[in-house]
Amino acid sequence: MSRALTGITPSGRLHLGNLVGAMRPIVAAQEVGSGPDDTIAFISDLHALTLDHDPAKVRERTFEFVTLLLAVGVDPGRAVLMVQSHVREHVELHYLLECAAGFGEAQRMIQFRQKSRGRDHVRLSLLTYPVLMAADILLYGAAEVPVGDDQRQHVELARTVAERFNARYGEVFIVPKAVHPPVAARLGDLARPARKMSKTAPPGAGVLHLLDTPDVLRRTIARAVTDSAGTVAYDPVGRPGVSNLLAVLAVCSGSTPERLVGEYTRYGDLKRATADAVIATLAPVQARYAELAADPGHVREVLRDGAARASAIAAPTVRAAREAIGLLAA
Ligand code: TYM
């Protein structure tokens with residue numbers, strides 16, 4: 001049995017990058033998983049507390065993101081859907097893994113360096129958060145972790161910590177590996193294509209949010225930065241703007257940038273086709289979201305069931321880790 005798992009942090013607003021980097025792959029994993037507990041999707045609300053946060057917003061986004069996961073096709077009959085903080089084993093294993101992870105290792109994480117830069121107060125949890133992420137993964141014996149490129153280093157840390165713990169205290173954890181979508185493991189921001197599309201980008205950025213209206217989506221794509229070459233080519237390094245548009249069109253039309261490149265000669269036509277494809281992709285998601293959001297009781301029920309199923313998988317792992325590391329059984 002091989003288990004797939006992914007998490008999403010409830011900060012900012014979900015976008016097309018999250019859809020292709022994590023949400024679609026977890027829905028695909030549930031289609032091939034052998035049992036309903038082999039695919040796990042969760043909202044990592046504890047991770048949202050590592051930077052300045054508004055408590056009411058974190059709660060609201062947690063609910064919104066769960067609802068969006070359901071809207072894109074996560075099926076509680078075939079996958080476990082839960083909120084991280086509802087399953088206490090996450091924080092318990094986090095501490096045990098902190099005893100197997102190094103300060104230098106945590107400090108070297110690119111996201112820590114980027115997010116702590118220029119701040120005079122950095123929360124300690126920002127430094128230790130990749131170890132919590134390792135706990136998220138190792139608790140469930142997940143072999144495959146579908147993530148976008150930006151999370152690759154964190155999954156590597158989970159591997160390192162699992163290997164070290166196993167070598168020192170005995171085989172407790174399955175060593176995970178990151179898996180990336182074939183196209184667009186990193187969708188760029190349409191206004192600043194060298195940067196990744198980000199949930200917390202400032203207004204005016206080129207981010208395609210899953211809940212944006214067709215008008216807003218069309219405008220964001222129309223404003224996308226290209227270049228002055230005037231030809232459509234796929235060259236993510238040399239021509240990031242136009243290549244990113246091709247990637248967006250590819251993920252929304254089930255094609256590849258290489259195949260699409262010959263079909264367009266003008267930026268305007270490429271942008272129009274991209275806008276049509278994005279709107280067509282998101283329309284059914286938005287319609288399903290509206291239905292689900294009208295029945296919050298159902299979403300709550302899904303979360304209660306998900307937390308109970310997650311805890312049933314996680315508890316034996318924590319017990320094994322406690323025993324291996326030298327804690328006296330209670
Ligand atoms: P988060 O919430 O920042 O992002 C959620 C997922 O979306 C992917 N992603 C992208 N993929 C392609 N292009 C982009 N522009 C893009 N932006 C984001 C991310 O790689 C991620 O897969 N720490 C994690 C959440 C987490 C987690 C875990 C993931 C917590 N525990 C355990 C996997 C396993 C995070 O903040 O992702």
Side-chain angles (χ1 to χ4, degrees), residues 3-26 29 39-51 53 58 61-62 64-66 68-69 72 82-85 87 90-91 93-94 97 109-112 114-115 125-126 128-159 161-162 176-190 192-201 205-210 236 240 244 247-248 250-251 310 314:
R3 185 169 279 141
L5 162 144
T6 202
I8 301 181
T9 302
S11 53
R13 314 228 70 142
L14 285 177
H15 54 70
L16 201 69
N18 301 126
L19 182 72
V20 301
M23 299 167 86
R24 271 189 187 165
I26 205 73
T39 307
I40 299 181
F42 66 96
I43 301 304
S44 42
D45 55 348
L46 297 170
H47 293 226
L49 313 183
T50 58
L51 294 169
H53 75 284
V58 170
R61 297 282 192 254
T62 299
E64 178 181 304
F65 287 17
V66 169
L68 271 165
L69 277 168
V72 303
M82 48 93 180
V83 171
Q84 182 189 36
S85 68
V87 183
H90 289 253
V91 273
L93 188 63
H94 178 201
L97 294 182
M109 293 292 115
I110 296 165
Q111 286 215 348
F112 172 72
Q114 285 173 345
K115 291 183 174 170
S125 54
L126 184 67
T128 60
Y129 126 100
V131 185
L132 176 58
M133 181 162 158
D136 299 339
I137 296 167
L138 301 183
L139 271 179
Y140 300 99
E144 295 200 344
V145 187
V147 285
D149 239 4
D150 58 329
Q151 295 293 331
R152 186 191 291 267
Q153 199 189 21
H154 294 161
V155 180
E156 277 303 313
L157 181 70
R159 279 179 77 83
V161 171
K177 81 169 196 298
V179 292
H180 302 291
V183 189
R186 180 181 180 285
L187 278 190
D189 182 303
L190 296 175
R192 309 166 297 174
R195 297 202 197 181
K196 71 167 185 176
M197 210 177 264
S198 159
K199 284 190 287 181
T200 50
V207 179
L208 300 167
H209 298 107
L210 302 185
N244 195 39
V248 169
V251 299

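Note that ligands are numbered from 1 as they come in the structure, with each ligand's atoms numbered from 1 the same way. Only a predicted model underlies this, so the values are computations on that prediction, with no experimental measurement involved. Below, each value reflects all heavy atoms present in this structure, side chains not excepted, and no hydrogens, waters or symmetry copies.
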Exercise for the section: Return yes or no for this condition: an N or O of Asp136 is under 3.5 Å from an N or O of ligand 1. Expected result: yes

Completion exercise
Here the atoms of ligand 1 under 4.0 Å from any heavy atom belonging to Phe42 are 28 (C), 31 (N), 32 (C)

Fill in the blank from the handout: Of Asn18, Ile8, Leu14, Val145, the residue with the heavy atom nearest atom 4 (O) of ligand 1 is Asn18

Exercise for the section: Check if Met23 has a non-hydrogen atom at a distance under 4.0 Å from any atom of ligand 1. Expected result: no

Exercise for the section: Kindly confirm or rule out an N or O of His154 lying under 3.5 angstrom from an N or O of ligand 1. Expected result: no

Exercise for the section: Classify the contact between Val147 and ligand 1 as side chain, backbone, both or neither, using a heavy-atom distance cut-off of under 4.0 Å. Expected result: both

Problem - side-chain contact (heavy atoms from CB on, under 4.5 Å) evaluation trace for Leu210 with Met23 - result: CA-CA 11 Å; Leu210 302 185; Met23 299 167 86; 3.9 Å; yes

Exercise for the section: Assess Leu5 for proximity to ligand 1: is some non-hydrogen atom of it under 4.0 Å away? Expected result: yes

Exercise for the section: Please confirm whether the backbone N or O of Pro176 pairs with a side-chain atom of Arg159, one donor and one acceptor, at under 3.5 Å? Expected result: yes

Handout entry: Under 3.5 Å: donor-acceptor pair, side chain of Asp189, backbone of Ala205
Key = no

Exercise for the section: Check His47 against ligand 1 and report side chain, backbone, both or neither, counting heavy atoms closer than 4.0 Å. Expected result: side chain

Handout entry: Within-cut-off N or O pair, Gly148 and ligand 1, under 3.5 Å
Key = yes

Practice task
Kindly say whether Pro10 contributes a backbone atom to a donor-acceptor pair with the side chain of Thr62 at under 3.5 angstrom?
Solution key: no

Handout entry: Ile26 side, atom CD1; Phe42 side, atom CZ - distance, nearest 0.5 Å
Key = 9.5 Å

Handout entry: Heavy-atom nearest neighbour of atom 6 (C) of ligand 1 within options Gly188, Ala22, Pro130
Key = Ala22

Exercise for the section: Please indicate whether any nitrogen or oxygen in Asp149 is less than 3.5 Å from any nitrogen or oxygen in ligand 1. Expected result: no

Completion exercise
Rounded to the nearest 0.5 angstrom, the CZ-OG distance for Arg192 and Ser198 is 7.5 Å

Handout entry: Pick from Asp150, Ile43, Ile137, Leu46: the one approaching atom 19 (C) of ligand 1 most closely through a non-hydrogen atom
Key = Asp150

Exercise for the section: Could you tell me whether some N/O pair between Leu187 and ligand 1 is separated by less than 3.5 angstrom? Expected result: yes

Problem - Closest approach of Val207 to Ala201 (non-hydrogen atoms, all atoms of both residues) - result: CG2-CB, 3.8 Å

Exercise for the section: Assess His15 for proximity to ligand 1: is some non-hydrogen atom of it under 4.0 Å away? Expected result: yes

Practice task
Please identify which atoms of ligand 1 are closer than 4.0 Å to at least one heavy atom of Ser44.
Solution key: 25 (C), 26 (C), 30 (C)

Exercise for the section: Please indicate whether any nitrogen or oxygen in Thr9 is less than 3.5 Å from any nitrogen or oxygen in ligand 1. Expected result: yes

Fill in the blank from the handout: In ligand 1, the atoms that come under 4.0 Å of a heavy atom of Gly21 are 11 (N)

Completion exercise
So for Val20 against ligand 1, with non-hydrogen atoms under 4.0 Å, the contacting part is neither

Exercise for the section: Write down the atom of Lys199, the atom of Thr9, and the distance for their closest heavy-atom approach. Expected result: NZ-O, 2.5 Å

Exercise for the section: Could you tell me whether Gly17 and ligand 1 have an N or O pair separated by under 3.5 Å? Expected result: yes

Exercise for the section: May I ask you to check if ligand 1 and Met197 share an N or O to N or O distance below 3.5 Å? Expected result: yes

Practice task
Check whether any N or O atom of Lys196, backbone or side chain, sits under 3.5 Å from an N or O atom of ligand 1, and answer yes or no.
Solution key: no

Practice task
Search all heavy atoms of His180 against all heavy atoms of Val147 and return the closest pair with its distance.
Solution key: ND1-O, 2.9 Å

Practice task
Applying side-chain contact (heavy atoms from CB on, under 4.5 Å), run through Asp150 and Arg186 and close with a yes or a no.
Solution key: CA-CA 7 Å; Asp150 58 329; Arg186 180 181 180 285; over 6 Å; no

Handout entry: Under 4.0 Å to a heavy atom of Tyr129 - the qualifying atoms of ligand 1, by number
Key = 23 (N), 36 (O)

Exercise for the section: Answer yes or no: is there a donor N or O on one side and an acceptor on the other, between the side chain of Gln84 and the main chain of His90, under 3.5 Å? Expected result: no

Exercise for the section: Mind telling me whether His154 and Tyr129 have parallel, tilted or perpendicular rings, with 30° and 60° as the class edges? Expected result: perpendicular

Problem - side-chain contact (heavy atoms from CB on, under 4.5 Å) assessment of Val155 paired with Met133 - result: CA-CA 8 Å; Val155 180; Met133 181 162 158; 4.1 Å; yes

